[in-house]
There are 2 protein chains.
Amino acid sequence: MRLEDLPTPCLVLDKGILERNLRRMSDAVHRHGVALRPHLKTAKSAAVARLATTGEKGGITVSTLAEAEYFAESGFRDILLANALPPQKLSRAEVLAFLGVAVTLVTDNVAMASAISAHPGRFKALVEIDSGDRRTGVSADGDDLIEVARALGDKLAGVMTHAGHSYGCRSIDCVADIADDERSAVVTAATRLREAGLQCDVVSVGSTPTMTHARNLDGVTEARPGVYMFQDLFQAEIGSCEKSDIAMTVLASVIGINIEAGRLLIDAGAIALSKDRSTQATEHDAGFGEIRDIENGYSLGTCIIDRAYQEHGAAACERDVLEKVEIGTRVRVAPNHACLTAAAHDRYYLVDGGSEIIDVWDRVNGW
Amino acid sequence: MRLEDLPTPCLVLDKGILERNLRRMSDAVHRHGVALRPHLKTAKSAAVARLATTGEKGGITVSTLAEAEYFAESGFRDILLANALPPQKLSRAEVLAFLGVAVTLVTDNVAMASAISAHPGRFKALVEIDSGDRRTGVSADGDDLIEVARALGDKLAGVMTHAGHSYGCRSIDCVADIADDERSAVVTAATRLREAGLQCDVVSVGSTPTMTHARNLDGVTEARPGVYMFQDLFQAEIGSCEKSDIAMTVLASVIGINIEAGRLLIDAGAIALSKDRSTQATEHDAGFGEIRDIENGYSLGTCIIDRAYQEHGAAACERDVLEKVEIGTRVRVAPNHACLTAAAHDRYYLVDGGSEIIDVWDRVNGW
């Protein structure tokens with residue numbers, strides 16, 4: 001079976017590129033003596049998780065309970081749920097703990113910390129620290145840190161942060177500076193907890209840019225990057241990778257060609273690609289994705305999908321490209337933001353450099 | 001079972017509002033003597049389709065083969081697939097025709113029209129006309145129209161257009177003018193086909209704004225609006241409905257409250273809400289959605305979700321609102337664009353005005 005035989009739109013995952021990305025990140029964090037706890041929110045696939053944890057301790061990170069349940073069923077026994085839950089979801093986490101999974105939760109407020117502490121579920125929890133992203137987390141040097149940590153009682157296991165603001169960087173120096181802030185925030189928080197006589201075994205950080213470019217991770221125990229597995233046009237734009245490192249593309253078929261208007265139409269639109277516009281604020285706005293040929297190359301020049309309707313992607317292309325393609329020609333689309341593009345799909349078709357399908361891997365969606 | 005008992009995030013569909021929206025559109029198109037062939041690309045639900053076709057001829061419109069197959073299994077026997085297919089998908093359409101479904105395809109080019117004509121599948125096809133949207137379709141007064149129609153041979157059944165450019169309007173007069181253009185384009189095309197001795201029974205138009213505000217649909221045989229069933233903040237903004245007509249919302253739980261920063265965090269983010277920003281270019285930018293209380297009312301003031309991370313929605317709210325909510329409080333989010341928000345979910349929880357769950361309806365996703 002070859003790419004030409006697949007129903008479009010669908011996800012294509014290049015195993016060779018994936019494995020290279022996995023190795024590079026493992027090497028990057030091990031160089032700092034830190035364990036990799038890969039975040040599976042992008043891949044949401046047990047097959048990918050098994051590769052990503054090869055040579056690691058086996059712990060993983062997830063963003064939803066549906067992921068936690070899926071990975072638990074797939075044999076993973078050490079799961080950090082890195083997104084704060086509301087109290088009513090604790091009973092689902094309890095089931096996983098009951099089944100023997102080491103479940104670690106996160107919280108940044110006393111109300112939820114108290115609910116976690118009072119809950120019969122056998123889980124641990126980390127206090128979430130704001131290292132500058134201003135999304136979630138308590139300050140590393142404020143009173144809330146100690147209050148939330150105390151409220152967790154004997155479920156307290158440590159601290160974590162996510163330097164999402166590294167996505168605002170446009171240089172590697174900027175990313176490395178934010179990696180310093182990220183490290184410094186959790187190490188400060190960990191030191192304060194220990195000085196207050198509280199338990200703090202886990203000191204967890206992570207984002208793909210900061211874990212790629214960190215200068216120093218002293219005092220950190222684990223790293224939780226996620227999108228590095230697949231990479232995407234935005235990560236290439238902010239220096240986390242090259243465009244040739246993008247492992248996941250969307251296979252699509254040409255359904256319209258308008259030579260006069262210089263336009264190509266494909267059957268992958270806003271659902272198959274997502275409406276994420278991460279590259280909009282970067283130097284190379286890639287619209288809703290960059291069209292490549294079926295071999296993942298640039299024989300079609302550089303066509304950018306500049307309009308995404310529900311099931312149509314429309315791209316501006318050079319005349320010679322439009323004269324070369326036909327109705328039904330297969331193309332591949334490199335995504336702006338792999339996490340959101342993947343979210344509409346339920347499987348990956350694996351290739352290894354060519355067009356031959358070497359495997360099909362499932363993925364979990366929903367909550 | 002009540003809304004408070006549901007796992008979040010999930011879709012809530014208000015049956016009373018849905019039925020009111022359905023009645024209003026049926027009345028609007030019947031007033032012009034036109035049949036309603038509702039587009040199920042938004043709802044993707046057999047239960048919704050049964051209500052939407054009550055009192056109609058039973059024909060429906062879909063955007064993907066997965067929808068066509070799902071609705072065929074659910075008993076629908078007259079399906080217009082309004083998105084152009086690549087040739088390699090014709091065999092799936094053939095299976096539906098073989099099972100007794102009247103399948104109508106669309107095309108705007110000779111290559112695909114010839115492929116349809118030569119295919120053994122027992123389907124019909126419409127020529128797609130560009131009525132001003134500049135996305136797909138041939139001109140109503142150019143040579144391509146006749147060439148594509150002739151290439152379809154005895155599979156030719158008529159013409160269709162979609163006035164997607166009505167979404168660019170900010171007044172009802174503008175929408176009504178585009179509805180005139182939409183009608184005029186297909187009626188011109190139909191007249192030319194008939195004058196050329198070609199078959200043209202079907203003259204099909206449709207978008208929610210134009211079908212709501214058309215002044216005259218003379219010569220049109222059927223209308224294919226879709227999002228009117230659920231409506232959304234964008235449709236309210238361009239005058240297709242009021243905000244109180246929005247039938248579908250996303251139920252979410254509060255997972256973070258930051259009174260100093262004036263910020264609320266919920267567990268519905270970029271996947272559960274989509275990253276569609278349709279209202280961005282309108283007078284009232286609704287970010288990634290508008291937060292309402294669990295009763296679908298405004299007791300929480302007007303909080304707009306201005307940042308959407310993969311699984312976090314972050315909103316700016318008034319201090320008194322932030323003091324009123326708690327971690328775990330349920331809220332509902334009115335969507336920017338219902339079609340894309342619904343796409344991440346696999347079911348609807350039905351209510352009828354209150355918080356009691358009266359039914360659960362499935363929906364189909366994928367391709």
Side-chain angles (χ1 to χ4, degrees), chain A residues 4-5 7-10 41-42 63-65 83-89 92 107-109 111-112 115 134-136 164 252-258 261 263 265-267 269-272 274-277 307 309-312 314 326-330 337 339-340 343-346 365-367, chain B residues 4-5 7-10 41-42 63-65 83-89 92 107-109 111-112 115 134-136 164 252-258 261 263 265-267 269-272 274-277 307 309-312 314 326-330 337 339-340 343-346 365-367:
Chain A
E4 289 82 351
D5 305 317
T8 55
C10 67
K41 79 188 185 83
T42 310
S63 65
T64 68
L65 273 165
N83 289 49
L85 295 181
Q88 53 268 24
K89 285 188 180 169
R92 276 173 67 189
T107 182
D108 66 358
N109 66 81
M112 189 59 197
R134 307 281 175 267
R135 178 178 79 180
T136 45
S253 299
V254 171
I255 54 169
I257 302 163
N258 186 331
R263 310 283 298 164
L265 217 67
I266 61 171
D267 64 355
I271 294 180
S274 98
K275 291 200 84 167
D276 189 277
R277 293 284 287 102
R307 289 190 216 161
Y309 309 89
Q310 184 165 342
E311 298 294 348
H312 297 88
E326 294 177 349
I327 300 293
T329 295
R330 306 303 176 95
H337 185 173
C339 314
L340 291 177
H345 301 262
D346 62 2
N365 287 311
W367 295 274
Chain B
E4 290 82 351
D5 304 317
T8 54
C10 66
K41 78 187 186 83
T42 312
S63 65
T64 67
L65 273 166
N83 289 49
L85 295 182
Q88 52 269 25
K89 285 188 182 171
R92 277 173 67 189
T107 182
D108 65 357
N109 67 79
M112 189 60 197
R134 307 282 175 266
R135 179 178 77 180
T136 45
S253 300
V254 171
I255 54 169
I257 303 163
N258 186 332
R263 310 283 298 165
L265 218 67
I266 62 172
D267 63 355
I271 294 181
S274 97
K275 291 201 84 166
D276 189 277
R277 293 283 288 104
R307 289 191 217 160
Y309 309 88
Q310 183 165 342
E311 299 293 348
H312 296 89
E326 293 178 349
I327 300 292
T329 295
R330 306 303 177 97
H337 185 173
C339 314
L340 291 178
H345 301 262
D346 62 2
N365 288 310
W367 296 272

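Order of the sequence lines sets the chain letters (A, B, ...), proteins ahead of strands, with each chain counted from 1. Bear in mind the structure is a predicted one, so any value in this text is a computation, not a measurement. Only heavy atoms go into these numbers, but all of them, side chains included; no hydrogens, no water, no symmetry mates.
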Engaged part of [X] at the chain A interface, taking heavy atoms whose separation is under 4.5 Å:
X	value
B/Ala272	both
B/Ser274	neither
B/Ile255	both
B/Asp346	neither
B/Ala111	side chain
B/Leu340	side chain
B/Arg92	side chain
B/Thr107	neither

Exercise: identify the closest heavy-atom pair between A/Ile271 and B/Trp367: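 Shortest heavy-atom separation between A/Ile271 and B/Trp367 comes out as CG2-CZ2, 3.7 Å.
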B/Val254 to A/Pro86 - nearest heavy-atom pair and separation: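 What the structure gives for the nearest pair is O-CB, 4.1 Å.
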Among A/Arg135, A/Gln310, A/His345, which residue forms the greatest number of heavy-atom pairs with chain B at distances under 4.5 Å?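 Looking at each of A/Arg135, A/Gln310, A/His345 in turn, A/Arg135 comes out on top.
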If you tally heavy-atom pairs under 4.5 Å against chain B, which of A/Ser63, A/Ala344, A/Pro9 wins? A/Pro9
Test of understanding: with side-chain hydrogen bond (donor to acceptor under 3.5 Å, both in side chains), list the residues that count as partners of A/Gln88, not counting sequence neighbours. B/Ser253
State which residues pass side-chain hydrogen bond (donor to acceptor under 3.5 Å, both in side chains) with B/Asn83; sequence neighbours excluded, sorted by chain then number.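 So B/Asn83 forms no side-chain hydrogen bond (donor to acceptor under 3.5 Å, both in side chains) with any residue.
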What part of A/Leu85 gets within 4.5 angstrom of chain B, counting heavy atoms only: side chain, backbone, both, or neither? backbone
